[in-house]
S.K.: 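The following block contains the structure, expressed as structure tokens.
Positions are given from 1, in the same order as the sequence printed here.
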Amino acid sequence: MKIVFVCTGNTCRSPMAEAILESKRIEGIEVRSAGVFAGSSPISKNAGAVLTGQGIDFDHTSRPLSPEDLDWADIILTMTLSHKQLIRQQHPQVTGKLYTLKEYVTGSEDDVSDPYGGSVSVYQQTFDELRGLIGRLEEKLLQEK
């Protein structure tokens, strides 16, 4: 199963989601992250600090979502409904494998909170939210094997 997580700049939420899932080392699961408006920046300082604090070693440079990512992925999981809508408008062929993360694991299209510009504690709250969602994702993926 190949999963790509998508957020805006690929410096906060999607790389944290990638790092959390990658750290679980689930056999047969490959993961990437990208951003709908990403450049080539390091992971945000506070996101990196939270990951390090959780014992997750993760080296990351942001990158834009590419057509190759969309072809590669079995599932595309966005952090917000607006990310999902933008991708669907630009790439309608991926609609069948495109979900918000919360939609895929809980049935809700609520957004994952955006910590951008916040304190380390705000990033920690987003990490905790993502860790819970990724735990549910792991359960779902293992059930589908």
S.K.: Rounded to the nearest 0.5 Å, how far does OG of Ser23 lie from CD1 of Ile134?
M.R.: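 The distance works out to 9.5 Å.
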
S.K.: Keeping the roles fixed (side chain from Asp71, backbone from Glu68), state whether a donor-acceptor pair exists under 3.5 Å.
M.R.: no

S.K.: Closest approach of Met16 and Pro115, non-hydrogen atoms and distance?
M.R.: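 That would be CE-CG, 4.5 Å.
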
S.K.: When you compare the side chain of Arg13 with that of Thr80, does any pair of heavy atoms fall below 4.5 Å?
M.R.: yes

S.K.: Under the criterion side chain to side chain contact (heavy atoms under 4.5 Å, CB included), I'd like the reasoning laid out for Asp128 against Gln125: C-alpha separation, chi angles, the key distance, then a yes or no.
M.R.: CA-CA 5 Å; Asp128 293 342; Gln125 290 171 357; 5.5 Å; no

S.K.: For a quick check under 3.5 Å, do Glu103 and Ser108 share a side-chain donor-acceptor pair by atom type?
M.R.: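 Checked: Glu103/Ser108 side chains show no N/O donor-acceptor pair below 3.5 Å.
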
S.K.: Does any donor atom in the side chain of His83 or Asp111 lie under 3.5 Å from an acceptor atom in the other side chain?
M.R.: no

S.K.: Which residues pass the side chain to side chain donor-acceptor pair (under 3.5 Å) test with Ser40, sequence neighbours left out?
M.R.: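 Result, side chain to side chain donor-acceptor pair (under 3.5 Å) vs Ser40: none returned.
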
S.K.: Is Leu86 linked to Val6 within one hydrophobic cluster, defined over Ile, Leu, Val, Met, Phe, Trp and Tyr using a side-chain heavy-atom separation of less than 4.5 Å?
M.R.: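 Linked within one cluster.
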
S.K.: Given side chains that start at C-beta, do those of Phe37 and Leu65 come closer than 4.5 Å, heavy atoms only?
M.R.: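 No, side chains not in contact.
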
S.K.: Are Ile20 and Phe127 close enough that some pair of their side-chain heavy atoms sits under 4.5 Å apart?
M.R.: yes

S.K.: Stepwise, does the side chain to side chain donor-acceptor pair (under 3.5 Å) test hold for Thr11 with Ser44?
M.R.: CA-CA 5 Å; Thr11 60; Ser44 78; 5.3 Å; no

S.K.: So which heavy atom on Ile75 is nearest to which on Met1, and how close?
M.R.: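 Heavy-atom minimum between the residues: CD1-SD, 3.4 Å.
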
S.K.: Evaluate whether atom CZ of Phe58 has more than 12 neighbouring non-hydrogen atoms of other residues, nucleotides or ligands under 6.0 angstrom away.
M.R.: yes

S.K.: Counting only heavy atoms not in Lys24, do more than 12 fall under 6.0 Å of its NZ?
M.R.: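 Atom NZ in Lys24 is packed in, count exceeds 12.
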
S.K.: Rounded to the nearest 0.5 Å, what's the gap from CZ on Arg88 to CD on Gln93? Could you check?
M.R.: 13.0 Å

S.K.: If you take all heavy atoms of Leu130 and Met79, which pair is closest and at what distance?
M.R.: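 What the structure gives for the nearest pair is CD2-SD, 3.9 Å.
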
S.K.: As a quick check of understanding, evaluate side chain to side chain contact (heavy atoms under 4.5 Å, CB included) for Thr126 and Val50, giving each step before the final call.
M.R.: CA-CA 10 Å; Thr126 299; Val50 168; over 6 Å; no

S.K.: Do Leu137 and Leu21 have side-chain heavy atoms sitting under 4.5 Å apart?
M.R.: yes

S.K.: If every non-hydrogen atom of Leu101 is compared with every non-hydrogen atom of Phe5, which pair is closest and at what distance?
M.R.: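 Shortest heavy-atom contact: CD1-CE2, 4.1 Å.
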
S.K.: With side chains defined as the heavy atoms from C-beta onward, is the minimum distance between Val31 and Val4 less than 4.5 Å?
M.R.: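 The answer is no, as the side chains (C-beta and beyond) never meet within the 4.5 Å cut-off.
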
S.K.: So, using side chain to side chain donor-acceptor pair (under 3.5 Å) as the criterion, who are the partners of Gln89 when residues are at least two apart?
M.R.: none

S.K.: Are Ile26 and Leu142 packed together at the side-chain level, in the sense that at least one heavy-atom pair is separated by less than 4.5 angstrom?
M.R.: yes

S.K.: Are Ile3 and Val94 joined in one hydrophobic group, where the rule is that I, L, V, M, F, W and Y side chains link up if heavy atoms are under 4.5 Å apart?
M.R.: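 No, Ile3 and Val94 fall in different hydrophobic clusters.
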
S.K.: What's the separation between atom NZ in Lys102 and atom CG in Leu77, rounded to the nearest 0.5 Å?
M.R.: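 Result: 13.5 Å between the selected atoms.
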
S.K.: I need the minimum non-hydrogen distance between Asn10 and Gly35, along with the two atoms involved.
M.R.: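 Taking every non-hydrogen atom into account, CB-N, 3.5 Å.
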
S.K.: So which atom in Cys12 and which in Tyr123 form the shortest heavy-atom distance, rounded to 0.1 Å?
M.R.: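 Distance-wise, the nearest heavy atoms are SG-OH, 3.3 Å.
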
S.K.: State plainly whether the residues Glu22 and Arg32 are in salt-bridge range, i.e. N to O under 4.0 Å.
M.R.: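 So Glu22 does not pair with Arg32 through a salt bridge.
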
S.K.: With clusters defined by side-chain heavy atoms of hydrophobic residues (ILVMFWY) lying less than 4.5 Å apart, directly or transitively, does Leu98 cluster with Val36?
M.R.: yes

S.K.: For a 4.5 angstrom cut-off between non-hydrogen side-chain atoms, does Ile56 reach Thr52?
M.R.: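 No - every pair of side-chain heavy atoms lies 4.5 Å or more apart.
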
S.K.: With rounding to the nearest 0.5 Å, note down the distance linking CG in Leu133 to CD in Glu138.
M.R.: 13.0 Å

S.K.: Could you list the residues that satisfy ring pair (Phe, Tyr, Trp, His ring centres under 6.0 Å) with Tyr99, not counting sequence neighbours?
M.R.: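 Checked Tyr99 against ring pair (Phe, Tyr, Trp, His ring centres under 6.0 Å); matches are Tyr104.
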
S.K.: A side-chain contact here means heavy atoms from C-beta on lying under 4.5 Å apart; do Ile43 and Leu51 qualify?
M.R.: yes

S.K.: What I want to find out is whether Lys97 reaches Asp74 closely enough, with some N-O distance under 4.0 Å, to be called a salt bridge.
M.R.: no

S.K.: Side chains of Thr100 and Thr78: do they bring a donor and an acceptor to under 3.5 Å?
M.R.: no

